[in-house]
Amino acid sequence: MRTEITGAKRLVVKIGSSSLTDREGHLDPARIETLAAELASLQARDKRLVLVTSGAIAAALGPLGLPARPRDLETQQAAAAVGQGILIRRYAEAFAAHHQMVAQVLLTAGDLQDGRSYRNALNTISRLFRLGVIPVINENDTVATGEIRFGDNDRLAALTAHLVRADALVILSDVDGLYTAHPAEPGARLIPRVRDFTELVADTSRVGSRVGTGGMRTKVEAARIATSGGVSVVLAHADQLLAALEGEEVGTLFEAAGRRRPRRLLWLAHAAEVSGELRIDAGAARAVGKGHASLLAVGIDDVTGDFEAGDPVDITGPGGTLLARGLVDCSATELRRRMGLGGLAVHRDLMIGIH
């Protein structure tokens, strides 16, 4: 039994478009009803749940008479505007059959990149938890542009798991786990457990479905983000949700790596939009490597970007290797003036190693 999953009290469940649609790519109400029944039963057992769902654009294909997922951003956003209402209505009706209320939360990557809106999202979801309401989160495709998109809901789910301090993340897909090769190839084997991403040998070339945007590569990356913050991850087929949460050996389990970090560090590492780069000398790089939580301006060789005090920046070594990320203590203009004069360049309590 996977005790790290069975003991989880706070869960994020992500489901993709391919697991919510029929063969024609249209939203399948029966699949939503099944998912709602399973999640409502978990909520009734004092679990705190967040559902990260795709499917808004797929929900609009039929009503708009579109033969397939549109390719251009303008039509995608229009379809999402139509489909978001349809999708949340389906969820609300399906959960209501089990006396469970849900709430729609639409986010863009920009919402989680900004510290203030990050806290606002956390406060809203925390209040919904206390009210006994299940948050249903989706990317706000109607306003997101290329620069502020998550790109897929797998990454959104991983960042949400950090946001709500989840114990486990379950990524539901149309495949039953991660394989050593494409599942259709002879000899391909399911990988039941991943302990170390550096030793992972697997095929991640499988692309997303015709109604979705993600693929196996995005799911593995989401698992890497989530596990780096102490969140266990299970990748399984949509039909295996309850089996996965009951600790059965289904799908692929990605073990949580290391201790859980403060939210602000996880935000800095995975969600914050970086505004510049500080290239440091060999001595400063050694200090950072030893875990020093501050950086002096005297150790900086070069500054790129136009940032203000409090903005996130990358810290790189002499060879350009990314060493850490932190919040700067002053603007780029002021930092260039300070270089060689000493004084803090990065806030002591918000620096994080990136490995």
Side-chain angles (χ1 to χ4, degrees), residues 8-17 19-20 27 29 31-60 77 79-112 114 116-144 148-150 152-172 231 238 241 245 263 267 271:
K9 295 296 185 183
R10 186 168 296 195
L11 296 159
V12 174
V13 175
K14 184 267 176 181
I15 190 163
S17 297
S19 300
L20 294 173
L27 202 64
R31 295 192 178 192
I32 290 180
E33 290 165 6
T34 298
L35 178 65
E38 293 176 342
L39 293 182
S41 69
L42 291 170
Q43 181 83 352
R45 286 186 260 165
D46 294 326
K47 304 280 188 181
R48 286 192 168 179
L49 299 173
V50 176
L51 174 62
V52 176
T53 182
S54 301
I57 293 177
Q77 291 180 318
V82 173
Q84 281 169 353
I86 297 172
L87 181 64
I88 194 61
R89 177 169 60 83
R90 294 288 191 186
Y91 274 122
E93 293 172 349
F95 277 98
H98 305 279
H99 311 287
Q100 175 62 53
M101 187 177 293
V102 297
Q104 178 173 250
V105 180
L106 299 176
L107 297 172
T108 67
D111 294 326
L112 296 188
D114 177 75
R116 183 168 59 181
S117 58
Y118 183 94
R119 289 189 296 272
N120 288 342
L122 172 61
N123 292 338
T124 298
I125 294 172
S126 297
R127 184 59 177 150
L128 290 171
F129 279 159
R130 295 194 297 273
L131 291 170
V133 178
I134 296 178
V136 178
I137 297 179
N138 196 359
E139 180 164 13
N140 193 354
D141 290 309
T142 59
V143 299
I148 62 170
R149 291 178 64 86
F150 289 103
D152 60 83
N153 276 351
D154 297 316
R155 180 167 177 258
L156 172 58
L159 294 175
T160 298
H162 286 330
L163 177 72
V164 304
R165 308 292 279 176
D167 301 307
L169 165 64
V170 180
I171 300 176
L172 299 176
V231 181
L241 173 59
L245 294 177
R263 280 192 182 95
W267 167 77

Can Leu87 and Val136 be said to form a side-chain contact (heavy atoms from CB on, under 4.5 Å), step by step?
CA-CA 10 Å; Leu87 181 64; Val136 178; over 6 Å; no

Any chance you could lay out the side-chain contact (heavy atoms from CB on, under 4.5 Å) test for Leu39 and Leu241, step after step, and finish with the verdict?
CA-CA 9 Å; Leu39 293 182; Leu241 173 59; 3.8 Å; yes

Stepwise, does the side-chain contact (heavy atoms from CB on, under 4.5 Å) test hold for Asp167 with Leu11?
CA-CA 6 Å; Asp167 301 307; Leu11 296 159; 5.7 Å; no

For side-chain contact (heavy atoms from CB on, under 4.5 Å), just list the numbers for Thr160 and Leu156, CA-CA rounded to whole Å, side-chain angles, deciding distance to a tenth of an Å, and then say yes or no.
CA-CA 6 Å; Thr160 298; Leu156 172 58; 3.8 Å; yes

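Side-chain contact between Lys14 and Ile137 is absent, with no heavy atoms from C-beta onward closer than 4.5 Å.
Legend: residues meeting side-chain contact (heavy atoms from CB on, under 4.5 Å) with Val133, ordered by chain and number and at least two apart, are Met101, Ala103, Leu128, Leu131. Judged as a side-chain contact (heavy atoms from CB on, under 4.5 Å), and not counting sequence neighbours, the contacts of Ala36 are Ala94, Phe95. For Thr34, the side-chain contact (heavy atoms from CB on, under 4.5 Å) partners are Glu38, not counting sequence neighbours.
In terms of heavy-atom proximity, Ala168 sits nearest to Ala8 at CB-CB, 3.9 Å. Taking every heavy atom of both residues into account, Ala92 and Val102 meet most closely at CA-CG2, 3.8 Å. The nearest pair of heavy atoms linking Ala161 to Val231 is CB-CG1, 4.2 Å.
In this structure, CD1 in Ile15 is found 5.0 Å from CG in Leu172, a value given to the nearest 0.5 Å. Here the CG atom belonging to Asn138 is positioned 6.0 Å from the CD atom belonging to Gln84, to the nearest 0.5 angstrom. Annotation: the span from Ile125 atom CD1 to Leu107 atom CG amounts to 6.5 Å, rounded to 0.5 Å. Interatomic distance, CG of Leu122 versus CZ of Arg165, reported as 10.0 Å (0.5 Å rounding).
Sorted by first and then second residue, the side-chain hydrogen bond (donor to acceptor under 3.5 Å, both in side chains) pairs involving residues 43-56 (not counting sequence neighbours) are Thr53-Tyr91, Ser54-Asn153. Annotation: salt bridge (Lys or Arg N to Asp or Glu O under 4.0 Å) contacts involving residues 83-96, sequence neighbours excluded, comprise Arg89-Glu93. The salt bridge (Lys or Arg N to Asp or Glu O under 4.0 Å) pairs that include a residue from residues 116-138 number zero, where partners must be two or more places apart or lie in different chains.
Panel note: side chain Gln77, backbone Asn140; no donor-acceptor pair is recorded below 3.5 Å.
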